Structure formats: structure tokens, C-alpha cells
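Following: one structure in C-alpha cells, then a few remarks.
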Amino acid sequence: MATPRTLCKTLLASVLALSLAGCNWVVMSPSGDVASQQADLILWSTYLMLIIIVPVIVLTLLFAWRYRSSNKDATYKPDWDHSTKLELVIWAAPLAIIIALGALTWVSTHKLDPYRPLDRIEKGVPVPEGTEPLVVEVVAMDWKWLFFYPEQGIATVNELAAPVDRPIKFKITATTMMNSFYVPALAGMIYAMGGMETQLHAVINEPGSYEGFSANYSGEGFNKMRFEFLGESESDFEQWVAQVKAQGNPLSRDAYKALEKPSIDDPVRYYSEVMPGLYDAILNRCVDPGQVCMKDLMKSHHGHHGEEHGE
């Protein structure tokens, strides 16, 4: 017959198992090299912090037990106030952890800079010489994702694909609200902001279908602002491009203006060709005829500013 203590342990284990049953561990077991390095960074940071946390917890419980009021054998020194050895341990250990964490952060911040082109496909495998990254231009809309493939001359809504083991260069902007482009299996999240362009370099190492979404609240349709990221072989990717060209419609200015209107839970859409310069016009907020592009406005402002200062 089970004792009350055994029943409590069983109940606690069941509660923990149920609470973790719906957890998605993709962040700690990703399929892209950049995300994998970020997962390693999380683990190393946790290990370093546990070097302090675990002994502190253990010693707290040990001291509470050893120096309880009923233990008459415990050493009693009411006038004790200092120990050089204890002071060294208390300060030296955390200082060493801080130095280690600082060094780890410094190296990883530069190595995993999202603007930095990749120098490897995965651990021990450098990027082959002469390999050009796949360029994908990302536009966060209300509330959907628009992807341009300038090399292939196509665009898609809420579906993204890339060849396995080929570096990807994302150029990211937004139409209105600030969003955050995030594929947990691929790399960390990068903000998408109107009138600005951010970048992300990444690579997917395993074929499969992965979830992407906005990690920044942007209003009513935020929860449905999701897309599918397909990691495919080179031949499958070429077939996907051919499918987009065969099934898609042209993305003209008028088609884009209709797409730009806020909508929730949009289906996947394909565009077989794209109006020249559309992404640049979205970035510079001059899609409509007659609008002055932000880049031209800034050039004009800089020119007037230079004339005023005799430059």
C-alpha cells in the first residue's frame, strides 16, 4: 500500500508532466545553425549561473538544518563578525561568473550579429566559396506577411521557402505597425519597422515545415499573423518557385494596394511577377504615384543642410 509521501510524489510528478505536455522545445532543439548557436548560448549561460545558484540553495537548507534551535551541538559564536576566507569565496566566485558571462556575451554578440553574413553552414562546415545567399525581402503587414524573391521575380503571402544549407539574407520592413519577424527553428526574432530596414542572416539545415509568426503585439489580428517556412532541397525549392509562377497572379500596384488593407487569417497567395521596385517603394513609403520617397526627401534635406553650412 502506497504511503502518503509516495502519493504526494506521484501527484506532483503528474502535475508537472501535464503542465509541460504542451511545451514546444523548438527553441532548444532548432533546425537552423544560427538558432542552434543561440540555444547553446542559453545553455552555457544557465550552466554558469547554476554554479552559484545550486550551492546557495544547498547551503541555505544546510545552514537552516544545522543551526536550528533544537541542535545543541551546533557551534555558537555570538561575537563572530568576519572571515577573510569566507569573504574571498563570497566575492570571488560571483566575480568569476560575471567575467565568464561577460566574455561569452561579448563573443556571441559579434558572432551572432544578425547583420553579419554567415561564415558557416553548420558546425565544422564553412560556407562554400562563391556561394551567394538567397535574398528574401520581408514586409510585415496588417496582419499578414509578404515575401519578395528578387532573384526569382516572385512574391508570396504567408508562405516562405528556402533551400537547405544555403545562406539566406532577409531584408525586413513593415507597412505600418512595428512587428517582429520570428522563425524559432531558424534564428532569433528581428523587428520590422515602417520606413526602416533591418536584416537577418540565417540558414536552415534540415528539410521540414516550420512555423513563423510575429512576436510583437500589433493589434487585432496579431494572433493570426503566422506563416509557414519550408526548408527544402534545391530541386524541391526550384519546383516550388515554378509552382508559384504557374499558379500566381502579377503583383501590380493596384493588387498591392488591395493587399495592403488590414485583414485577418489570410490564406497563402502566390504572385508570379512583381512590379519593379515595389519593395523599395514600400520601404520608402512612396507606393502611390506622386509621393516623394523618403530616401529622396532625405537626400534633398541633406543637400539643403550642406548648402547652409557651405559644404
Side-chain angles (χ1 to χ4, degrees), residues 114-115 117 130-163 166-179 181 183 190-202 212 214 225 227-230 232 234 237-263 266-303:
Y115 284 75
T131 300
E132 292 295 326
L134 172 70
V135 177
V136 180
E137 296 165 337
V138 180
V139 181
M141 309 179 76
D142 297 327
W143 286 272
K144 49 191 168 284
W145 293 94
L146 175 61
F147 303 107
F148 293 100
Y149 287 79
E151 181 183 339
Q152 290 74 21
I154 60 173
T156 61
V157 171
N158 289 342
E159 185 173 281
L160 174 63
R166 180 179 176 183
I168 313 167
K169 180 181 180 180
F170 293 102
K171 297 179 178 181
I172 306 167
T173 190
T175 52
T176 54
M177 295 290 292
M178 183 170 71
N179 280 280
F181 175 77
V183 183
I190 300 294
Y191 282 113
M193 295 169 280
M196 299 178 66
E197 182 182 81
T198 51
Q199 292 185 17
L200 172 66
H201 288 80
S214 172
M225 194 172 171
F227 63 92
E228 184 179 18
F229 173 58
L230 304 172
E232 301 181 326
E234 193 69 45
F237 176 72
E238 293 299 331
Q239 290 180 13
W240 178 82
V241 172
Q243 177 184 348
V244 173
K245 289 183 176 181
Q247 299 180 6
N249 298 313
L251 183 57
S252 60
R253 179 185 284 109
D254 291 339
Y256 171 75
K257 293 301 292 183
L259 180 66
E260 191 181 30
K261 295 176 182 178
S263 56
D266 273 50
V268 172
R269 302 183 193 180
Y270 293 153
Y271 296 97
S272 55
E273 57 183 88
V274 179
M275 184 190 93
L278 181 56
Y279 171 79
D280 189 67
I282 296 169
L283 172 62
N284 287 283
R285 297 181 174 275
C286 55
V287 175
D288 293 328
Q291 284 184 313
V292 179
C293 292
M294 286 178 57
K295 61 181 180 181
D296 297 327
L297 192 64
M298 286 187 285
K299 284 181 182 178
S300 175
H301 176 75
H302 179 73

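Everything numeric here is computed off the predicted structure, so don't read it as measured data.
- Note that CG of Leu230 is 7.5 Å distant from CH2 of Trp240, once rounded to the nearest 0.5 Å.
- Under the 4.5 Å side-chain criterion, counting only non-hydrogen atoms from C-beta, Leu251 is in contact with Phe148.
- Under a cut-off of 6.0 angstrom, the local environment of CE in Met294 is crowded, with over 12 non-hydrogen atoms contributed by other residues, nucleotides or ligands.
- Note: Gln152 CD to Ser272 OG = 14.0 Å, rounded to the nearest 0.5 Å.
- The two residues Ala161 and Glu232 come nearest to each other via the heavy atoms CB-OE1, 4.2 Å.
- Shown here for Leu134 and Pro163, the closest heavy-atom pair between the two residues is CD2-CD, 3.7 Å.
- The closest side-chain heavy-atom distance from Leu259 to Met141 is below 4.5 Å.
- Remark: Tyr270 pairs with no residue by the ring-ring contact (aromatic ring centres under 6.0 Å, His included) rule, at least two apart or across chains.
- Here the straight-line distance linking atom CD of Glu137 with atom NZ of Lys169 works out to 10.0 Å at 0.5 Å rounding.
- Within the 4.5 Å cutoff, the side chain of Val136 has heavy atoms near those of the Tyr149 side chain.
- Glu234 places a side-chain heavy atom less than 4.5 Å from the side chain of Arg166.
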Can you give the donor-acceptor pairs under 3.5 Å from side chains of residues 274-289 to other protein atoms, not counting sequence neighbours?
| unit_1 | atom_1 | unit_2 | atom_2 | d |
| --- | --- | --- | --- | --- |
| Tyr279 | OH | Glu197 | OE2 | 2.8 |
| Asp280 | OD1 | Asn284 | ND2 | 3.3 |
| Asp280 | OD2 | Lys295 | NZ | 2.7 |
| Asn284 | OD1 | Lys295 | N | 3.2 |
| Asn284 | ND2 | Asp280 | O | 2.9 |
| Arg285 | NH1 | Thr175 | O | 3.3 |
| Arg285 | NH2 | Thr175 | O | 3.3 |
| Asp288 | OD1 | Lys257 | NZ | 3.3 |

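- Ring to ring, Trp145 and Phe229 are not that close: their centroids are 6.0 angstrom or more apart.
- Not one N or O on the side chain of Tyr271 forms a donor-acceptor pair closer than 3.5 Å with the backbone of Ala255.
- Between the Asn179 side chain and the Met177 main chain, a donor and an acceptor come within less than 3.5 Å of each other.
- Using a 4.5 Å cut-off on side-chain heavy atoms (C-beta onward), Phe181 and Ser214 make no contact.
- The side-chain heavy atoms of Ile154 and Val241, taken from C-beta on, include a pair separated by under 4.5 Å.
- Rounded to the nearest 0.5 angstrom, Glu159 CD and Arg269 CZ are separated by 13.5 Å.
- The backbone N or O of Asp266 lies less than 3.5 Å from a partner atom in the side chain of Asn158, making a donor-acceptor pair.
- Proximity of the aromatic rings of Phe147 and Phe227 is defined here by a centroid distance below 6.0 angstrom, and this criterion is met.
- Distance alone, capped at 3.5 Å, is enough to place a donor-acceptor pair between the Lys144 side chain and the Asp142 backbone.
- With rounding to the nearest 0.5 Å, the separation of CD1 in Ile168 from CZ in Phe170 is 4.5 Å.
- Between the CD atom in Gln199 and the CD1 atom in Ile172 there is a gap of 8.5 Å [rounded to 0.5 Å].
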